[in-house]
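This report concerns only the one structure given below.
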Amino acid sequence: MQKETENSAYGTAGASGRLGREFFERDAVTVARALIGTTLVRQFRGTEYRARIVETEAYVGAHDLACHAAKGRTARTETLYLSGGHAYVYFIYGMYSMLNVVTGVAEDPQAVLIRAAEPVAGWNGGPPPDLSGPGKLCRALHITRAQNGIDLTDDALHFLPATGPPPRIIATPRIGVDYAKEWKHELLRFLELGSSAVSKAPRKGSA
DNA sequence: GCATCGATGGTG
DNA sequence: ACCATCGATGCA
C-alpha cells in the first residue's frame, strides 16, 4: 500500500462510520492533508448540516511561531493541549469564530484550522451558503466558542471519511500569519486542486 | 481585476 | 496594540 493511501482518510473510520480518535492522534500535517475531502457534520437545533472540506492549515506546535501556543499556555489556548480529536474554537476580530481540530497526543499543542468547505446538506429552505473562509464556515455551521473543547467524535460535531477518488492536494503558505517570521513561508496550507470553494486567498501552490 | 480600509471585541 | 477575517469601497 502506498503512503499516500495510508495518510488518507480511507479505512480509518470506526464502527460508527465516523473518523475516530486514532485518525486525529497523528501529526497536524498528516491530519490536515487527510481531512481534505472528508465531510464535516454539524448537528444544531434539530438540523444536520454537512459540508465537504476543501481547505485546511496545519499549526504544528509551540515552536511554530504562527501557532497560538507559541505565545505560551494561556486560558485561551488551554484546549490546544487536549488530545487529538477535540475542538479548539476561538473568537477573533470581534466578529468571527475559527474552528480547529486538535491533533497529536495530549500536552502537544498542534491543530488544524478548517478554512473552507462545500455545502452538502442541511440548508433547505434557502440558498446554500458560501463556506469559503474560516469565519464564514463557522457562522453558517453555528460554531462558536460554546464548542471549544468538545469531543469531535460526538454527535454535535464530527467527521465522515472521504469517499470516491482521493482529492489532489496542493500546499501553499498559510494565510494571515505574516507576523510569524520564517514560519510564514512554510507550506502548511492545503487545498483541493481545482475546487471553487477554497477561500479567496491564493489558489496556486506546490503539489 | 486589484488594493485598501473599517467593523468589532477578546486577549495578554 | 494586536489579531489564523470579511465585506465594502475606490479605482482601473
Side-chain angles (χ1 to χ4, degrees), chain A residues 24 27-36 40 42 51 53-82 84 86-104 108-119 123 126-150 152 157 159 169-192 195-205:
Chain A
F24 302 106
D27 66 276
V29 171
T30 298
V31 175
R33 298 190 75 110
L35 280 173
I36 303 292
L40 176 59
R42 168 66 168 146
I53 295 171
V54 299
E55 179 179 345
T56 60
E57 282 176 0
Y59 290 83
V60 301
H63 59 295
D64 173 0
L65 295 182
C67 183
H68 288 172
K71 298 189 177 68
R73 188 166 179 163
T74 66
R76 179 175 69 151
T77 61
E78 193 57 36
T79 55
L80 274 176
Y81 294 82
L82 296 173
H86 289 85
Y88 169 51
V89 184
Y90 66 92
F91 185 67
I92 193 158
Y93 296 124
M95 290 175 237
Y96 301 105
S97 297
M98 299 280 124
L99 170 64
N100 295 251
V101 176
V102 176
T103 74
D108 183 8
Q110 302 186 35
V112 173
L113 172 66
I114 308 300
R115 283 194 58 89
E118 299 165 347
W123 292 275
D130 178 5
L131 307 179
S132 63
K136 287 185 282 189
L137 184 149
C138 283
R139 190 179 35 177
L141 291 171
H142 307 286
I143 295 165
T144 70
R145 281 172 295 174
Q147 280 70 53
N148 187 37
I150 66 171
L152 293 174
L157 195 58
F159 297 84
I169 297 171
I170 61 174
T172 81
R174 293 171 291 185
I175 304 304
V177 296
D178 287 353
Y179 60 87
K181 309 256 172 102
E182 69 272 18
W183 284 90
K184 81 176 184 183
H185 305 296
E186 293 289 318
L187 302 180
L188 293 174
R189 172 177 175 241
F190 304 99
L191 331 85
E192 179 175 24
S195 173
S196 58
V198 299
S199 64
K200 300 310 177 198
R203 299 182 184 194
K204 295 186 201 289

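The analysis underlying the following values was restricted to heavy atoms, covering all of them including side chains, and did not include hydrogens, waters or symmetry mates. Labels below follow one simple rule: chain letters A, B, ... track the order of the sequence lines, proteins then strands, and each chain is numbered from 1.
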Practice prompt. Carefully, step by step, assess Thr79(A) and Tyr90(A) under the rule side-chain contact (heavy atoms from CB on, under 4.5 Å).
Written response: CA-CA 10 Å; Thr79(A) 55; Tyr90(A) 66 92; over 6 Å; no

Worksheet item: Phosphate oxygens OP1/OP2 of dT11(B): is one of them under 4.0 Å from a side-chain N or O of Lys71(A)?
Response: no

Practice prompt. Assign Gly94(A) to base, sugar-phosphate, or nothing according to its heavy-atom contacts below 4.0 angstrom with the strands shown.
Written response: base

Item to complete: Select one nucleotide: of dT8(B), dC6(C), dG10(B), the one nearest the side-chain heavy atoms of Lys136(A).
Response: dC6(C)

Worksheet item: Between Tyr179(A) and dA4(C), does any side-chain N or O lie under 4.0 Å from OP1 or OP2?
Response: yes

Worksheet item: Can you check whether Leu157(A) reaches Arg42(A) side chain to side chain, under 4.5 Å on heavy atoms?
Response: yes

Worksheet item: Do any side-chain nitrogens or oxygens of Arg115(A) fall under 4.0 Å of OP1 or OP2 in dT5(C)?
Response: yes

Worksheet item: Within the structure, does a side-chain N or O atom of Arg139(A) lie under 4.0 Å from either OP1 or OP2 of dG7(C)?
Response: yes

Worksheet item: Between dC2(C) atom P and Met98(A) atom CE, what is the distance in whole Å?
Response: 20 Å

Fill in: Check ion pair Arg189(A)-Glu55(A) (N to O, under 4.0 angstrom)
yes

Worksheet item: Which nucleotide in the list dG12(B), dC6(C), dG10(B) gets nearest to the side chain of Arg76(A)?
Response: dG12(B)

Worksheet item: Checking all strands, does Tyr93(A) fall into the base, sugar-phosphate, or nothing category for heavy-atom contacts under 4.0 angstrom?
Response: base

